[in-house]
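A short write-up of the structure that comes next.
What you see is a predicted model; the values in this text were computed from it and never measured.
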Amino acid sequence: MRKVIDVGMMILLLLLMAFPFTGQDIHIFLGIIMIAFFIIHHYLNRRWYLSLFKGKKTKIQILFITINSLLLISIFGVALSGLTLAGYVPIMSYFLARKMHLVCSYWSYLLMGLHVGLHLQVIKMIKNQIIVYGIMLIGIILFTKNQILIYLLNMSDFLYVSDQMNIVIYMFEYLMIFILFILFMNVIIKEMKKK
């Protein structure tokens, strides 16, 4: 059940990031499913919350708690602003909700990649380090090409997508950037374990 939910959330994330191609109605529908999956994911992993108050934490455990806490805040921001934009929970202005939704969406995207990297050691599955760093380089190039930093730093009110782009290439590029975040966290964990 957990794996189905986790894989489902990753697929939903990529589809949600492809909003320029899916349109508003599908985006809202997928967003509501994502919220449901997120609640189920946390229910299935509820024991993690109990472990937060037990014993002294290692540096890696503190990293886990930090990433997971930031992701929780970011997802909450996406859900709240998304429900406001859809007209279900109008608790803030449309302008604020739109800005909040764009920024929190990209932070959730980044943090979810780091979160997956905490749990899934992809770097161990790829034996050749040249391939690992090659994939990371591709991810960095696509991160720059798609101007992800602009959205993370709230430097744009709108999502820009080239007219030349299609949904297959777009999702492939966003998948490669997501894998970059996973591998980046894998490298951090690997280095932390050496110390």
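Taking both residues in full, the closest heavy atoms of Leu118 and Phe64 are given as O-CZ, 3.3 Å, listed atom of the first, atom of the second, then distance. Of all the heavy atoms in Arg98 and Leu85, the pair that sits closest is N-CD2, 3.8 Å. Of all the heavy atoms in Phe158 and Tyr151, the pair that sits closest is O-CE2, 3.4 Å.
Interatomic distance, Leu120 CG to Asn186 CG, rounded to the nearest 0.5 Å: 7.0 Å. Within the model, atoms CD1 of Ile141 and CE of Met136 stand 12.5 Å from one another, a figure rounded to the nearest 0.5 Å. Annotation: the span from Leu142 atom CG to Phe172 atom CZ amounts to 7.0 Å, rounded to 0.5 Å. Here the OH-CG distance, from Tyr174 to Leu13, works out to 10.5 Å after rounding to the nearest 0.5 Å. Between atom OG of residue Ser105 and atom CE of residue Met100 there is a gap of 10.0 Å, rounded to the nearest 0.5 Å. Separation of atoms CG (Leu180) and CE (Met185) is listed at 11.5 Å; rounding is to 0.5 Å.
In this structure the side chain of Phe143 never reaches within 4.5 angstrom of the side chain of Met176, judged on heavy atoms. Tyr49 places a side-chain heavy atom less than 4.5 Å from the side chain of His42.
Cation-pi geometry between Arg46 and Tyr43 is met: under 6.0 angstrom from the ring centre, within 45 degrees of the axis.
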Side chain to side chain contact (heavy atoms under 4.5 Å, CB included) between Thr58 and Ile62, intermediate numbers included: CA-CA 6 Å; Thr58 65; Ile62 291 168; over 6 Å; no
Side chain to side chain contact (heavy atoms under 4.5 Å, CB included) between Met112 and Phe178, intermediate numbers included: CA-CA 8 Å; Met112 200 175 289; Phe178 191 75; 4.1 Å; yes
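Both Phe181 and Met192 belong to a single network of hydrophobic side chains, linked directly or stepwise wherever heavy atoms of I, L, V, M, F, W or Y lie under 4.5 Å apart. The hydrophobic cluster containing Ile73 does not contain Ile91, counting ILVMFWY residues as joined when their side-chain heavy atoms lie under 4.5 angstrom apart, directly or transitively. Residues Leu137 and Tyr133 do not share a hydrophobic cluster, clusters being chains of Ile/Leu/Val/Met/Phe/Trp/Tyr side chains in contact below 4.5 Å.
At distances below 3.5 Å, at least one donor-acceptor pair connects side-chain atoms of Asn128 with backbone N or O atoms of Ile130.
The environment of CZ in Phe19 is crowded: more than 12 heavy-atom neighbours from other residues, nucleotides or ligands sit within 6.0 Å.
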Tabulate below the donor-acceptor pairs under 3.5 Å that side-chain atoms of residues 26-41 make, not counting sequence neighbours, or state none.
| unit_1 | atom_1 | unit_2 | atom_2 | d |
| --- | --- | --- | --- | --- |
| His27 | ND1 | Leu16 | O | 3.4 |
| His41 | ND1 | Asp6 | OD1 | 2.9 |

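Residue pairs meeting the side-chain hydrogen bond (donor to acceptor under 3.5 Å, both in side chains) criterion with at least one member in residues 65-81, sequence neighbours excluded, are Asn68-His115, Ser74-Ser108, Ser81-His101.
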